[in-house]
Visitor: 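To start, I am sharing the structure in question, which I have written as structure tokens.
Chain naming here is simple, since letters A, B, ... match the order of the sequence lines and numbering starts at 1 in each.
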Amino acid sequence: MNALPSEIDFSAPSEVVARLLIGAVLTVDGVGGRIVETEAYDREDPASHTFSGPTPRNAVMFGPPGHAYVYRSYGIHWCLNFVCREAGHGAGVLIRAIEPLTGIDVMRERRGLEPVKLLCSGPGRLGQALGITHRNNGMALTQPPFQVEAAGEAFPIVSGPRIGITKAMEVPWRFGLAGSKFVSKPFPKAQ
DNA sequence: AGCCGGATCGTCT
DNA sequence: GACGATCCGGCTC
């Protein structure tokens, strides 16, 4: 009844890709799980790193789609994005939370003993649990250590305002798997 | 359950 | 020199 998982078209608009990624399975060196929360960012988007044009930091986001854009957050965390749209556009999807499925022991080594629920619940935690660093910046998502398997079925999706931004707060480009206990924060009015 | 401050540093003004 | 696409611990209600 389910169609075979098809490849995700990263050249689509970031808000489309952000929805497609809900339910997809992401692993890094075999460690990962089901994506349950994403956020879309785009070039004409005041909340996006690319809003003010290309810089050394955001260069990867202006490169070809289907690559990893990794940035340092608050001087502490590494956050993982997938580049979208055509090369030169400057759009991407922030991976905010996954439901851990494989390599949970490795995640615990990296993050310490804590409930599975919290291992990848938020972009900083996810980055640490999956071992993401600046070395992953610019890497193709079709090549090791990355593996992205598209969802084989349509998952129920909720949406709402993005987290932790101060601009374009009215844009509802945060997406989540409806009812998931692994999202970083509840969605307004959802379920 | 919710608010507050500290940690920590690359990036851009 | 200021500011984060954040997390965590400690405190209060």
Visitor: Do A/Arg108 and A/Glu114 sit within salt-bridge range, that is, some charged N less than 4.0 Å from a carboxylate O?
Guide: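 A salt bridge is absent here (no side-chain N lies under 4.0 Å from a carboxylate O).
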Visitor: Between N or O atoms, less than 3.5 Å apart, protein on one side and nucleotides 3-9 of chain B on the other: list the pairs.
Guide:
residue, atom, partner, partner atom, Å
B/dT8, O2, A/Tyr74, O, 2.6

Visitor: Could you check which of C/dT6, B/dC12, C/dA5 has an atom nearest any side-chain atom of A/Ser73?
Guide: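 Ranking C/dT6, B/dC12, C/dA5 by closest atom to the A/Ser73 side chain puts C/dT6 first.
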Visitor: Go through the side-chain N and O atoms of A/Gln128 and A/Arg110 and say whether any donor and acceptor fall under 3.5 Å apart.
Guide: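 There is no such pair between these side chains.
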Visitor: Tell me: CD of A/Glu37 to P of C/dT6, nearest whole Å?
Guide: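 My rounded result for the distance is 10 Å.
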Visitor: Between the side chains of A/His49 and A/Tyr69, is a donor N or O closer than 3.5 angstrom to an acceptor N or O?
Guide: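 Their side chains do contain a donor-acceptor pair, which is all the 3.5 Å distance test asks for.
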Visitor: In whole Å, I'd like the distance from the CD atom of A/Glu114 to the C1' atom of C/dC7.
Guide: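 These atoms are roughly 11 Å apart.
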Visitor: Tell me: CZ of A/Arg125 to P of C/dA5, nearest whole Å?
Guide: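 In whole Å, C/dA5 P lies 18 Å from A/Arg125 CZ.
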Visitor: Nearest-nucleotide wise, let me know which of A/Leu118 and A/Lys167 is further upstream toward the 5' end of DNA chain C.
Guide: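 It is A/Lys167, whose closest nucleotide lies nearer the 5' terminus.
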Visitor: For A/Arg162, which contact category applies under a 4.0 Å heavy-atom criterion: base, sugar-phosphate, or nothing?
Guide: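 A/Arg162: no heavy atom of the nucleic acid under 4.0 Å.
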Visitor: Which listed nucleotide (C/dA5, C/dC7, C/dC8) is nearest to the side chain of A/Pro123?
Guide: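 Within the option list, the nearest is C/dC7.
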Visitor: Classify the nucleic acid contact of A/Arg111 as base, sugar-phosphate or nothing, counting any heavy atom under 4.0 Å across all strands shown.
Guide: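 The residue A/Arg111 makes sugar-phosphate contact but no base contact.
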Visitor: Can you tell me the distance, in whole Å, between the CZ atom of A/Arg96 and the C1' atom of C/dA5?
Guide: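 Distance check: A/Arg96 CZ to C/dA5 C1' gives 7 Å.
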Visitor: Does the A/Thr38 side chain pair with the main chain of A/Leu94, one donor and one acceptor, at a distance under 3.5 Å?
Guide: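 No, because the side chain of A/Thr38 does not come within donor-acceptor range (under 3.5 Å) of the backbone of A/Leu94.
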Visitor: Please report, rounded to the nearest Å, how far the C1' atom of C/dG4 is from the CE atom of A/Met169.
Guide: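 Rounding to the nearest Å, CE of A/Met169 and C1' of C/dG4 are 14 Å apart.
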Visitor: With both distances under 3.5 Å as the test, what is the Watson-Crick or G-U wobble partner of C/dC3?
Guide: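 Base partner found: B/dG10.
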Visitor: With the criterion set at under 5.5 Å between ring centres and under 30 degrees between planes, would C/dA5 be stacked on A/Tyr41?
Guide: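 Yes, A/Tyr41 stacks on the base of C/dA5.
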Visitor: Table please: side-chain donor-acceptor pairs of residues 20-30 of chain A below 3.5 Å, with sequence neighbours left out.
Guide:
none

Visitor: Quick one: does A/Asn81's side chain have a donor or acceptor within less than 3.5 Å of a partner on A/Gly92's backbone?
Guide: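 Flag not set: sc A/Asn81 to bb A/Gly92 has no pair under 3.5 Å.
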Visitor: If I take atom OH in residue A/Tyr71 and atom P in nucleotide B/dG10, what distance separates them, rounded to the nearest angstrom?
Guide: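 So the two atoms are 16 Å apart, to the nearest Å.
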Visitor: Please state how far atom CE in A/Met61 lies from atom P in B/dT11, giving the value in whole angstrom units.
Guide: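 After rounding, the gap between these two atoms is 15 Å.
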Visitor: Rounded to whole Å, please give me the gap between CD1 in A/Ile163 and P in C/dT6.
Guide: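 Nearest whole value for this atom pair: 8 Å.
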Visitor: Does the side chain of A/His89 pick up a donor-acceptor pair with the side chain of A/Asp42 at under 3.5 Å?
Guide: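 The criterion, which ignores hydrogens and geometry beyond distance, is satisfied for A/Asp42 and A/His89.
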